[in-house]
> 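I have a structure here, written as structure tokens, and I will follow up with some questions on it.
This one's a predicted model, so the numbers in the text were calculated from it and none came from an experiment.
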Amino acid sequence: FVPAIEGMGRIADLASQWTAGVPRGWEQVEMIARRLKEEYVLDDEWRPETGCPSPVAHFLFISRRGPDYLFASSAALMLRSLGYSTRVVTGFYADPRQFDRKSGHTPVTQEDAHTWVECSLGANYWATVEATPGYEVLDPPPSLIARIFAATQQLGLWAWDHRLPAS
């Protein structure tokens with residue numbers, strides 16, 4: 001579903017320009033997010049003027065700056081114009097720089113409220129798309145099997161480095 005909003009044609013044209021020659025699929029999704037992160041400025045204080053017919057179009061074509069919800073809304077509309085199912089999500093961003101190793105937790109406060117996009121990859125799987133500069137999507141923690149394998153590999157490398165010389 002692509003909403004009929006003011007400026008949607010220009011938004012769709014921009015999405016097509018940014019993804020020209022990029023294979024359909026995750027590469028196009030990443031291209032939209034990358035271009036937004038690299039070419040637009042996060043500004044939590046910027047607000048569209050009252051009565052602005054399309055804050056997203058104003059963000060993309062005029063101000064090129066705005067809060068996270070405009071990055072997410074822009075990514076969602078651009079991806080929808082390319083035929084992807086998207087949803088805008090609000091929640092909290094657990095900044096990895098705030099991780100407390102001692103407690104094993106990351107504190108989250110109301111200042112950590114954030115908006116991002118999820119894109120359907122089929123089979124009821126939604127992938128996080130982070131289009132806002134300064135935010136990153138972390139990989140999930142490794143499984144127990146993956147951690148055991150990594151530890152075994154490290155032990156093998158250590159044993160090789162500390163092997164006894166042959167006489």
Side-chain angles (χ1 to χ4, degrees), residues 1-101 103 105-142:
F1 169 71
V2 180
I5 65 165
E6 183 82 26
M8 193 59 215
R10 288 182 66 204
I11 293 168
D13 289 345
L14 184 62
S16 293
Q17 289 172 18
W18 283 5
T19 58
V22 177
R24 182 156 177 77
W26 188 246
E27 289 181 60
Q28 284 187 336
V29 174
E30 286 182 318
M31 178 61 74
I32 296 292
R34 184 177 61 77
R35 295 284 301 259
L36 286 166
K37 280 184 154 188
E38 292 176 358
E39 299 176 23
Y40 292 77
V41 177
L42 175 63
D43 181 351
D44 291 326
E45 303 304 315
W46 187 89
R47 298 290 181 267
E49 294 178 14
T50 303
C52 178
S54 177
V56 171
H58 191 280
F59 168 75
L60 287 171
F61 302 109
I62 298 170
S63 71
R64 300 177 67 86
R65 66 185 319 106
D68 61 353
Y69 73 86
L70 283 173
F71 284 86
S73 298
S74 297
L77 290 176
M78 293 175 86
L79 290 169
R80 285 181 187 177
S81 77
L82 295 171
Y84 298 98
S85 296
T86 64
R87 59 188 180 195
V88 175
V89 183
T90 53
F92 293 94
Y93 179 73
D95 190 334
R97 295 171 296 187
Q98 302 297 323
F99 180 72
D100 179 4
R101 291 194 182 281
S103 71
H105 296 281
T106 303
V108 177
T109 66
Q110 85 180 48
E111 286 79 33
D112 297 314
H114 183 54
T115 306
W116 64 94
V117 175
E118 290 181 348
C119 183
S120 175
L121 298 179
N124 206 24
Y125 177 76
W126 291 84
T128 300
V129 178
E130 184 52 78
T132 305
Y135 292 85
E136 63 181 305
V137 177
L138 299 178
D139 292 330

> Measure across Pro133 and Phe71 and return the closest heavy-atom pair with its distance rounded to 0.1 Å.
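Smallest heavy-atom distance, with atoms named: CD-CE2, 3.3 Å.
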
> Ignoring hydrogens, what is the shortest heavy-atom contact between Pro67 and Arg47? Give both atom names and the distance.
CG-NH1, 3.6 Å

> Show every ring pair (Phe, Tyr, Trp, His ring centres under 6.0 Å) that has at least one partner inside residues 27-50, sequence neighbours left out.
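For residues 27-50: Tyr40-Phe59, Trp46-His58.
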
> For the CD atom of Glu49 and the OG atom of Ser63, what is their distance to the nearest 0.5 Å?
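Taking CD in Glu49 and OG in Ser63, the distance rounds to 10.5 Å.
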
> Rounded at 0.5 Å granularity, tell me how far OG in Ser81 sits from CD1 in Ile32.
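Atom-to-atom, Ser81:OG and Ile32:CD1 are 7.0 Å apart.
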
> Nearest 0.5 Å, what's the CD-CZ distance between Glu45 and Arg65?
11.0 Å

> Where is the tightest heavy-atom contact between Thr86 and Ala76, given as atom of each residue plus distance?
OG1-O, 3.3 Å

> If you round to the nearest 0.5 Å, how far is CZ of Arg80 from CE of Met8?
9.0 Å

> Nearest 0.5 Å please: distance from the OG1 atom of Thr19 over to the CZ atom of Arg24.
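The CZ atom of Arg24 is 9.0 Å from OG1 of Thr19, to the nearest 0.5 Å.
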
> Locate the shortest heavy-atom distance separating Ala72 from Thr115; write the atom from each residue and the value.
CB-CG2, 3.6 Å

> Whether the side chain of Glu130 engages the backbone of Trp116 through a donor-acceptor N/O pair (distance < 3.5 Å, no angle test) should be reported.
no

> In Å and rounded to the nearest 0.5 Å, what is the CH2 to SG distance from Trp126 to Cys119?
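Here the interatomic distance stands at 7.5 Å.
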
> Does Arg34 form a salt bridge (Lys or Arg N to Asp or Glu O under 4.0 Å) with Glu30? I'd like the steps, not just the answer.
CA-CA 6 Å; Arg34 184 177 61 77; Glu30 286 182 318; over 6 Å; no

> If you look at every heavy atom in Cys52 and Pro48, which pair is closest and at what distance?
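Result for this residue pair: CB-CB, 4.1 Å.
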
> Decide side-chain contact (heavy atoms from CB on, under 4.5 Å) for Phe61 and Ile11; before the verdict, give the C-alpha distance in whole Å, the side-chain angles of both, and the deciding distance to 0.1 Å.
CA-CA 9 Å; Phe61 302 109; Ile11 293 168; 4.0 Å; yes

> List the atom of Asp68, the atom of Ala113, and the distance in Å for their closest heavy-atom pair.
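What the structure gives for the nearest pair is OD2-O, 4.1 Å.
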
> Leu36 pairs by side-chain contact (heavy atoms from CB on, under 4.5 Å) with which of Leu60, Val129, Leu70?
Leu60

